[in-house]
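Just so you know, residue 1 is the first one in the sequence shown, and it goes up from there.
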Amino acid sequence: MLKTRVISGIFLIALIAAMNLTGGPVMCCILFLIALQGLFEFYRAVGVYKAEEGKHSILECLGYAGTAVYYLAAVMINEQRLLYLMLIICIVLVAMLAAYVFGFPKFEGVLVMKAFFGFMYVPVMLCFIFLTRSMQRGEYLVWLIYIVSWICDTFAYLTGTMFGKRKLAPLLSPHKSVEGAIGGIVGTVIISVLFSFLFLRVYDLKTTGNIMVFVLLGVVGGFVSQVGDLAASAFKRNHDVKDYGKIIPGHGGVLDRFDSVIFTAPMIYFLAALFFGI
């Protein structure tokens, strides 16, 4: 099991490295496939896709179609990109509500909300990885998304193993501790600051003040990534699901591996845009 997990992890890191270094349409296509798989896993977990029936509903298809249009717009449009992406989000919502209204009473209102939430939760949030890569200095800033997410997880695990006493969320994740969560944030800040020296040197930016930006990125990103991890666990608990899937051997599904990245990506994008410009 450990060998399988390590091999899968190496392959995943290699894929992400190639994706980040390439950028552009190639990166967007890879992210689109990841988002599509993640959305399917979410829809299956929460009952939008009913595996026992073996058929796809119009709500599910609208989610997939919306994802395709969203990623196509992300890669094709440069000027006022965020405006067009917001428009697509509104169109997907209206389309799902239209399916709800004209198909009434085929779908329950809760199912429509789950379908739209899944679209926002997986494809829209994941797309911020591509948007971060596309911004000024994005070829470096995009790495912060993974640094903040996965370094935080590593430091939280190590700190929690050594010093953890108080449970953070015992009903969701019995092994996570308050001490581990704090250690995760501290570790993320340390690595983010170390990363900042490379970043500021490459772009010849002043150290004064800018390092504090990376401290903020580490604190906010570290906190948000842990919220994302626990949120994914909460969804699984609510729907009695152990893993979202098995597509990544030893790790589970896309959502099992990208649960914290989903939350971290938009935070890194907006904070980086605020301090370094789009």
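- Atom CD1 of Ile147 is separated from atom CG of Leu194 by 9.5 Å, given to the nearest 0.5 angstrom.
- Annotation: Phe270 is in aromatic contact with Phe128 [ring centroid separation under 6.0 Å].
- Of the possible polar contacts, one joining the Arg81 side chain to the Ala74 backbone as a donor-acceptor pair under 3.5 Å is found.
- Distance check: Leu216 CG to Leu274 CG gives 9.0 Å after rounding to the nearest 0.5 Å.
- Nearest heavy-atom pair, Phe130 versus Gly24, reported as atom, atom and distance to 0.1 Å: CE1-O, 3.3 Å.
- When the shell of 6.0 Å around CZ of Phe223 is examined, it contains 12 or fewer heavy atoms from other residues, nucleotides or ligands.
- Phe235 has its ring centre less than 6.0 Å from the ring centre of Phe42.
- Summarising the geometry, atom OH belonging to Tyr71 is positioned 10.0 Å from atom CG belonging to Leu33; distances are rounded to the nearest 0.5 Å.
- Looking only at side-chain heavy atoms (C-beta outward), Leu168 and Leu230 come within less than 4.5 Å of each other.
- Remark: Met27 CE is packed, more than 12 non-hydrogen atoms of other residues, nucleotides or ligands lying under 6.0 Å away.
- Closest of all the heavy-atom pairs between Leu59 and Ala99 is CD2-CB, 4.2 Å.
- Heavy-atom minimum distance, Ala68 versus Phe32: CA-CE1, 3.5 Å.
- Aromatic ring orientation, Tyr121 versus Phe263: perpendicular (interplanar angle above 60°, classes split at 30° and 60°).
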Passes side-chain contact (heavy atoms from CB on, under 4.5 Å), Tyr269 versus Ile129? Steps please.
CA-CA 8 Å; Tyr269 172 81; Ile129 299 174; over 6 Å; no

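- Under the 4.5 Å side-chain heavy-atom criterion for ILVMFWY residues, no single connected hydrophobic cluster contains both Leu255 and Phe11.
- A distance of 10.5 Å separates OG of Ser134 from CD of Glu139, quoted to the nearest 0.5 Å.
- Contact between Pro123 and Ala35 at its shortest, heavy atoms only, is CA-CB, 3.8 Å.
- Around atom OH of Tyr84, no more than 12 heavy atoms belonging to other residues, nucleotides or ligands sit under 6.0 Å away.
- Heavy-atom contacts from other residues, nucleotides or ligands closer than 6.0 Å to OH of Tyr157 number 12 or fewer.
- No side-chain donor-acceptor contact under 3.5 Å links Tyr140 to the backbone of Leu198.
- The hydrophobic cluster containing Met76 also contains Val26, counting ILVMFWY residues as joined when their side-chain heavy atoms lie under 4.5 angstrom apart, directly or transitively.
- Rounded to the nearest 0.5 angstrom, Ile191 CD1 and Trp150 CH2 are separated by 15.5 Å.
- Here the side chains of Thr132 and Met135 are in contact, with some heavy-atom distance below 4.5 Å.
- A heavy-atom distance below 4.5 Å is not found between the side chains of Met125 and Met120.
- Ser192 places a side-chain heavy atom less than 4.5 Å from the side chain of Leu144.
- Between the side chain of Glu60 and the main chain of Ala115, no donor-acceptor pair closer than 3.5 Å is present.
- Checked by atom type and distance alone, the side chain of Glu41 never pairs as donor or acceptor with a backbone atom of Gly253 at under 3.5 Å.
- When Leu97, Val101, Val48 are each tested for a side-chain contact (heavy atoms from CB on, under 4.5 Å) with Val112, only one passes: Leu97.
- Met86 and Leu93 are members of different hydrophobic clusters when ILVMFWY side chains are connected at heavy-atom separations under 4.5 Å.
- With ring centers used as reference points, Phe276 lies under 6.0 Å from Phe199.
- Of all heavy-atom pairs spanning Cys61 and His56, the tightest one is SG-CB, 4.2 Å.
- Asp256 places a side-chain N or O within donor-acceptor distance of the main-chain N or O of Tyr244, the cut-off being under 3.5 Å.
- Residues Phe214 and Phe275 share a hydrophobic cluster, clusters being chains of Ile/Leu/Val/Met/Phe/Trp/Tyr side chains in contact below 4.5 Å.
- Looking at Phe155 and Ile185, their side chains never come closer than 4.5 Å, going by heavy atoms from C-beta outward.
- Contact of the Met267 side chain with the Val148 side chain is not registered, since no non-hydrogen atoms from C-beta on lie closer than 4.5 Å.
- Counting heavy atoms from C-beta outward, Leu141 and Ile268 have side chains that stay 4.5 Å or more apart.
- Between the Arg133 side chain and the Asn20 main chain, a donor and an acceptor come within less than 3.5 Å of each other.
- Under the 4.5 Å side-chain criterion, counting only non-hydrogen atoms from C-beta, Leu82 is in contact with Leu131.
- Summarising the geometry of Cys152 relative to Thr188, their closest heavy-atom pair is CB-OG1, 3.0 Å, with the distance given to 0.1 Å.
- Linking Ile, Leu, Val, Met, Phe, Trp and Tyr whenever their side-chain heavy atoms come within less than 4.5 Å leaves Phe116 and Val94 in two separate clusters.
- Of the candidates Val92, Ile89, Ile91, Tyr70 forms a side-chain contact (heavy atoms from CB on, under 4.5 Å) with just one, namely Ile89.
- Atoms OG1 and CG, on Thr67 and Leu39 in that order, are 5.0 Å from each other to the nearest 0.5 Å.
- Side chain of Ser149 to backbone of Tyr146: no donor-acceptor contact under 3.5 angstrom is found.
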